[in-house]
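After the structure tokens below, expect a handful of questions from me.
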Amino acid sequence: DVYGLGAVLYAALTGRPPIQAETLVLFLDAAREGRVEPPQRVREEVPAWLGQVCLGALQSRPQDRYPSIAAFAEALEREPSPSPSRARGPLLALGALGLAVAGGGVLLFAGAGAQVSSSAPTPAPSARPSAAPAQPSGPELERLAQLATQAGRHEEAERLLSRAAELGHVPALLTLGQQAFASGTAAGYARAAELFERAAQAGDLVGMTRLARQLRSGQGVKADLPAAYRWNLLAAEAGDPEGMVQAGLQLAQAQGVSEDDEAAIRWLEQGLATVVDGEGWYHLGRLYNAPGGASRDPKRAAECFAKAAALDEPNSLFLLGFPKLTGRQGRRAIPAGLELVRRAAERGHQEAMYNLGSAYEQGVLGQRDLSEAARWYRLAAEAGSEHGMYNLGVLLFNGQGVARDREAGVAWYRRAAELGKVEAMVNLGYVLENGLGAARDPAQAAQWYRKALESNPQGRMRLVAQQGLARLGR
């Protein structure tokens, strides 16, 4: 990684990380904008040419850096016009880089007050006390934890991993973070976010994308879409495919960043070449299928939707199945359409649940099955579909496919009406007018009839609402 080696060289030359900021947000902004102080300004003894070479590896955009490690090394060896007194410059630069790499990693982020000592070590006295036993390093602790796990000593393994994490060992941070997240508890999500953030601040790409997912979903942390996008973009620009897909998804849906279809397509195409992600394929297809879009490509859109459906992405399953089930794009293909719509419904797709219930109610699949229709309407209603609420209310009110329960039916009418379903408004007005399944309330009945008319319904619903108001003398 050219940037990583550039950061190592910078620290070797200056004794500090290339970016220092008081907060994580300021660090991310500085990293994106490439605000790195030239090494020769930090330490005046650093030759200007060497400082420029170092900065060439620390450009914020990957395409502006050296194309390879070999090109970076070659630039370090090309000291301009070396004089006898300066002839050791390239060797010293490479030596500094080699020592820094051999000595381990370098901090990419340092908070307020963080320092890296650049002073020479004090010579050891001729007589020294016996050295204390060396403490195990993070990698050593991780290996011991693996051995403990293999031996079935899980509590010991967790203690060892925790010690490794305390030392900042990134694999331990990630492992413990994944375990905490898998617990499915609020405390586990919060712990996972903390561990992933530490890994991300250490420059780990997996930590960045895991933290970004939690910032998008609000699991364990306060939802922060702009921060999620910054982490995803940082990972994407460092070449991480998962970061590319997640950044593309946020750009496609304007989540924490202005919508940018062109950039979204670019990131999604790059990331999906490696990452398996049904949501990514669906949104890439949607972008290619957008009417009037500059990148409109129906053939590519169909390929993307097919890939998403093969991964059981619910939006794509419904998009491909519904036209086959209803014949909206030509002749019906009921068995194939039913299978796709059912798979979408089983994965929580509201519209698929409702339409599957409607198909059973209308007998599209053969004989009517009101019991199965009620089951799917209920699932759609519980997922927030006003259409599912209304249709379930009708079946409950009339006792079709389920035991009659007028009060429950009216309750579903009310919920659907509050979400703007005109048919539910009219039915609610009628039951309140006549005291069916609810106490008679002419004033409230009139309010619902008026709300229905304000929605400008056509046909029968308009007539029923007008007749209801006339009966109430309103």
Side-chain angles (χ1 to χ4, degrees), residues 253 278-279 281-283 285-286 289-291 298 301-302 304-402 408-409 411-428 452 455 457-461:
Q253 301 171 82
E279 184 186 8
W281 282 116
Y282 166 71
H283 282 285
R286 183 180 61 78
N289 205 42
C304 294
F305 289 141
K307 288 178 181 290
L311 295 170
D312 280 339
E313 195 284 318
N315 294 296
S316 296
L317 290 169
F318 181 73
L319 184 72
L320 297 177
F322 186 67
K324 297 179 186 293
L325 186 62
T326 60
R328 289 194 177 184
Q329 294 180 359
R331 195 171 60 181
R332 282 183 173 179
I334 291 177
L338 174 63
E339 173 63 20
L340 290 168
V341 172
R342 183 186 295 280
R343 283 165 59 193
E346 289 171 346
R347 285 152 185 81
H349 193 280
Q350 272 187 33
E351 204 171 348
M353 294 177 190
Y354 163 72
N355 279 280
L356 196 56
S358 179
Y360 279 112
E361 182 182 10
Q362 296 173 20
V364 170
L365 312 176
Q367 188 174 357
R368 295 178 75 196
D369 188 338
L370 295 179
S371 176
E372 191 68 3
R375 183 172 80 87
W376 284 109
Y377 284 150
R378 183 178 294 278
L379 289 170
E382 290 171 348
S385 166
E386 67 269 28
H387 307 300
M389 294 174 189
Y390 169 71
N391 283 43
L392 177 60
V394 170
L395 295 183
L396 285 166
F397 192 88
N398 296 320
Q400 296 174 301
V402 291
W412 283 115
Y413 285 161
R414 187 179 297 277
R415 289 183 61 180
E418 289 169 349
L419 291 175
K421 180 76 172 171
V422 173
E423 293 87 342
M425 295 178 192
V426 173
N427 278 19
L428 188 55
S455 300
Q458 302 299 316
R460 180 173 175 274
M461 287 296 106

Query raised in the report: Can you name the nearest heavy-atom pair linking V402 to A374, along with the distance?
Result: CG1-CB, 3.6 Å
Query raised in the report: If every non-hydrogen atom of W412 is compared with every non-hydrogen atom of R378, which pair is closest and at what distance?
Result: NE1-NH1, 4.4 Å
Query raised in the report: By ring pair (Phe, Tyr, Trp, His ring centres under 6.0 Å), which residues pair with H349, not counting sequence neighbours?
Result: F318
Report task. For S371, check side chain to side chain contact (heavy atoms under 4.5 Å, CB included) against everything at least two apart and list the hits. Result -> D369
**Report entry** Any residue meeting side-chain hydrogen bond (donor to acceptor under 3.5 Å, both in side chains) with N398, in chain and number order, not counting sequence neighbours
**Finding:** none
Query raised in the report: Which heavy atom in V364 sits nearest to a heavy atom in L325, and how many Å separate them?
Result: CG1-O, 4.2 Å
Query raised in the report: Can you pull the salt bridge (charged side-chain N to carboxylate O under 4.0 Å, His left out) pairs that have at least one residue in residues 387-400, sequence neighbours excluded?
Result: none
Query raised in the report: Shortest non-hydrogen contact from A452 to V426?
Result: CB-CG2, 3.7 Å
Would you tabulate the side-chain donor-acceptor contacts of residues 414-421 under 3.5 Å, counting partners in other chains and residues two or more places apart, or write 'none'?
unit_1: R414; atom_1: NH1; unit_2: Q444; atom_2: OE1; d: 2.9
unit_1: R414; atom_1: NH2; unit_2: Q444; atom_2: OE1; d: 3.2
unit_1: K421; atom_1: NZ; unit_2: H387; atom_2: ND1; d: 3.0

Which side-chain N or O atoms in residues 304-312 pair as donor and acceptor under 3.5 Å with protein atoms at least two apart or in another chain?
unit_1: D312; atom_1: OD1; unit_2: R343; atom_2: NE; d: 3.1
unit_1: D312; atom_1: OD1; unit_2: R343; atom_2: NH2; d: 2.5
unit_1: D312; atom_1: OD2; unit_2: R347; atom_2: NH2; d: 2.9

**Report entry** Those residues that, when tested against E372, pass side-chain hydrogen bond (donor to acceptor under 3.5 Å, both in side chains) (two or more places apart)
**Finding:** R375, W376
Requested in this report: Mind checking side chain to side chain contact (heavy atoms under 4.5 Å, CB included) for A408 and listing every partner two or more places apart, or none if nothing turns up?
Outcome: L396, D405
Query raised in the report: Which heavy-atom pair separates L356 from A345 by the least distance, and what is that distance?
Result: CD2-CB, 4.1 Å
**Report entry** Y413 and F397, any side-chain heavy atoms less than 4.5 Å apart
**Finding:** yes
Requested in this report: Tell me, please, which residues at least two apart from S385 pass side-chain hydrogen bond (donor to acceptor under 3.5 Å, both in side chains).
Outcome: none
Query raised in the report: If you round to the nearest 0.5 Å, how far is CE of M353 from CD of E382?
Result: 9.0 Å
**Report entry** Residues forming a side-chain hydrogen bond (donor to acceptor under 3.5 Å, both in side chains) with W281, sequence neighbours excluded
**Finding:** none
Report summary line: Residue pairs meeting side-chain hydrogen bond (donor to acceptor under 3.5 Å, both in side chains), one or both in residues 355-365, sequence neighbours left out, come to R342-Y360, S358-Q362, E361-Y377
Query - Pairing residues for R286 by the salt bridge (Lys or Arg N to Asp or Glu O under 4.0 Å) criterion, not counting sequence neighbours - result: none
**Report entry** Taking every non-hydrogen atom, the tightest pair across P457 and V422
**Finding:** CB-CG1, 3.8 Å
Report summary line: When rounded to the nearest 0.5 Å, the distance separating CG of N391 from CD of Q400 is 10.5 Å
Report summary line: The reported gap from CD in Q253 to NE2 in H283 (rounded to nearest 0.5 angstrom) is 3.5 Å
